[in-house]
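Following: one structure in structure tokens, then a few remarks.
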Amino acid sequence: MTFFTRAVRSQAGASAAAALLAIVAVTFVVMAAGYDVSRAAAALWDGSFGSAYSFFSGTLQRATPLIIVGLAVAVAFKAGVLNIGAEGQLLSGAAATITAGLAMSGWPAWLSIPLELLAGMVAGAVWAGIAAVLKRRFGVLEVISTLMLNFVALFGVSYLVHGPLQEPTHTYPETLRLAASARLPLVVPGQQLHLGFVLAIALGVAAHWYIRSTAGGFRLRVAGEGPLAAASAGRVKVDQVLFGAFLASGAIAGLGGAVQVTGVTYKLYELISPGYGYTAIAVALLARLSPFGVIIAGVFFGGLEAGGAGMQRDAGVPAGFVYVIEALVILGVLAVDRARTLAAERAPRVMGETEV
Amino acid sequence: MSGGATAAFLESGMRFATPLAYAALGELVVERAGVINIGLEGAIIGGAFGALVFAGAGSVALGFVGAAAAGTLVATLFAFFVVTLRTDQIITGTALSMLGLGLTGTLYRTIYGSSGASLHTPTISPVAVPVLSAIPIVGPALFDQSVVTYALYAIVPLLACWFYRSSAGLALRAVGEHPEAALGAGISPARVQWAAILFGGAMGGIAGGTLVLAQVGTFAEGMSAGRGFIAIAIVVLGRWSPLGVAVAAVVFGAASALQTLAQATGWSMPYQLPLAFPYLLTLVLLATARARTAAPSALGKRLP
């Protein structure tokens, strides 16, 4: 057994190997495109982890929606629900949050903020609920239905900010801004990091505990391992578990939208999400669907996006390049996973090997 | 709505439908082989970029070759992961959409500089068919289009014939319905899926090429604008048949045209409604039993 195959046998090792593969590929692309690699790398570092400002106001702020929505994707995928509609669920959550927040203008913060977040979660769950009902009642593939609903949500937001929710002067396609009492408080003095980050971490810990230590979490894992596992584990009503996981995933994605509105943008506009719902798939996958892993992967991707902005500013590398990095990370994970499976098939079973 | 306005609406609807039809017909073949390619978006934007590079270096015809080649290149990567490595189709597709969008954006800025907006490619103009294009209302829509649209009039029936009347078409559908049985009948599911995916990539590339070479005349970052995902909706709406897919592409094209019409005539209806309508229609249709039974049984599943 080579060092490489031994290293990728552990979950964390596999993720690290995938990230390493991606970094090598990225370096090649940057070089082939004719950019100065050391300068680009320095800019990437400065923009992401190099200073307190870039870390708190850049990396962690960008990581917040990625962690929350990444958890949403992880919960669904863990149960075997391929919810690729987190983007739409996030958008409907954002729309509900701004509607609630503007309606509660003047209310005390302790009342309006929880209600805003609740509105976002309910809207996200309802949006996912459409696809969940279609799956349960009619057997519609959730991959297709959630994709359709992403577009409907996008047009819905566009309608709202051009129509009923547009600011009173009707100049810009956006809503009014939330009152100060309806915004999430900042948590680090002098930085733009808001309470949403703390919520994201708490949610990750809660999800870890739920999946590992509760009966509900056990049923979730069993359902995700397929009908055979569910049958052998006893009376697990797979349909019901999948339905619940779908709604929970939507609610969490909706919370992601709520947190972005109340913590960062303070208003709603068409491009409020630069594809968080899709990047979150990469985050969840790199994390092997583990909640703690999602936190780490979310910070990694948040750093990439913050650093990507820095690369464009300082080294002239186009910002779209971040998508290339993200895509290569996903492909790296897939390739390493395949190598793992092959190695496991060839080599005799090793004691204490972790489950896949 | 006057006759002239109706004719103009239908004409632009057909124009919007053309790239969608190419992408969706390609995706149809892929899905009939049991594979769902969410990475089609990457092939379309790749094709658009390939069209820009090759048409800039030569002619419109060369541009289309470049577009198909670029789309095939993206599809090769997808096929390698999904068929050869047997990775998850949805996750791989998502990655390739991202890769296509990110890489074309980066290359565009690298090769042409950040102020590449003034870059123009040669384009093909509509060719009016004598007599037929003078038919009132539908004449301009059907017979005053570019050659790319006319080619579809041949591709759709040919594809239908190939699907239902040739042994290769039968093999394709067998792999999508029951790969184990196909294997038993001496068909290699992996080889069939590879071929289907490469064809789908070339068609996606041509769709992107059409955007550049028959419509916009230049490249813009992210100009595929979700057409890869729309094409997947079209395949569902068209119930996985070539003729159905062609009709569904026209429905989606008309919805886009309705938006421009609504804005031009100061219609009071929100313009997002016609845009959202085809997606809602697809969802409703999916809930009916007929649509579900039309879906290939092994769609989205890994080969054994």
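Below, each value reflects all heavy atoms present in this structure, side chains not excepted, and no hydrogens, waters or symmetry copies. Below, read A as the first sequence line, B as the second, and so on, with proteins coming before strands; counting in each chain starts at 1.
The structure places CD1 of B/Ile90 at 9.0 Å from CD of A/Glu142, a figure rounded to the nearest 0.5 Å. Put simply, CD on B/Gln272 and CZ on A/Phe151 are 15.0 Å apart, with the number rounded to the nearest 0.5 Å. Here the CE-CG distance, from A/Met148 to B/Leu237, works out to 9.5 Å after rounding to the nearest 0.5 Å. Atom CG of residue B/Asp88 and atom CG of residue A/Leu82 lie 6.0 Å apart, to the nearest 0.5 angstrom. Rounding to the nearest 0.5 Å gives a distance of 10.0 Å between CG of B/Leu283 and CD1 of A/Ile144.
Within 6.0 Å of the CZ atom in B/Phe81, the count of heavy atoms belonging to other residues, nucleotides or ligands exceeds 12. The number of heavy-atom neighbours closer than 6.0 Å to CZ of B/Phe277, taken from other residues, nucleotides and ligands shown, is 12 or below.
Here the shortest heavy-atom pairing between A/Leu134 and B/Ala287 reads CD2-CB, 3.9 Å. Taking every heavy atom of both residues into account, A/Val324 and B/Thr106 meet most closely at CG2-OG1, 4.2 Å. Summarising the geometry of A/Ala327 relative to B/Ala95, their closest heavy-atom pair is CB-O, 3.2 Å, with the distance given to 0.1 Å.
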> After noting the C-alpha distance and the side-chain angles of B/Thr92 and A/Ile330, does the key distance pass the side-chain contact (heavy atoms from CB on, under 4.5 Å) rule?
Replying inline: CA-CA 8 Å; B/Thr92 312; A/Ile330 301 181; over 6 Å; no

>> One pair to check against side-chain contact (heavy atoms from CB on, under 4.5 Å): A/Leu331 and B/Thr87. What are the steps and the verdict?
In response: CA-CA 9 Å; A/Leu331 294 179; B/Thr87 59; over 6 Å; no

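Contact of A/Leu334 with chain B is made through backbone and side chain together, with heavy-atom distances under 4.5 Å. Both the backbone and the side chain of A/Ala335 come within contact range of chain B, with heavy atoms under 4.5 Å apart. Neither the backbone nor the side chain of B/Leu107 comes within less than 4.5 Å of any heavy atom in chain A. B/Leu273 does not touch chain A: none of its heavy atoms, backbone or side chain, sits under 4.5 Å away. Both the backbone and the side chain of B/Leu99 come within contact range of chain A, each with at least one heavy atom under 4.5 Å from a heavy atom of that chain.
Within residues 154-163 of chain A, the residues approaching chain B closer than 4.5 Å by heavy atoms are, in numerical order, A/Phe155, A/Ser158, A/Tyr159, A/His162.
Residue with the most contacts toward chain B among A/Ile130, A/Leu149, A/Val143, A/Ile281: A/Val143 (heavy-atom pairs, distance under 4.5 Å). In terms of heavy-atom pairs under 4.5 angstrom with chain B, the leader among A/Ile84, A/Val329, A/Leu147 is A/Leu147.
Looking at B/Leu101 and A/Tyr323, their side chains never come closer than 4.5 Å, going by heavy atoms from C-beta outward.
Evaluation of the side-chain hydrogen bond (donor to acceptor under 3.5 Å, both in side chains) rule for B/Gln89 yields no partner, not counting sequence neighbours.
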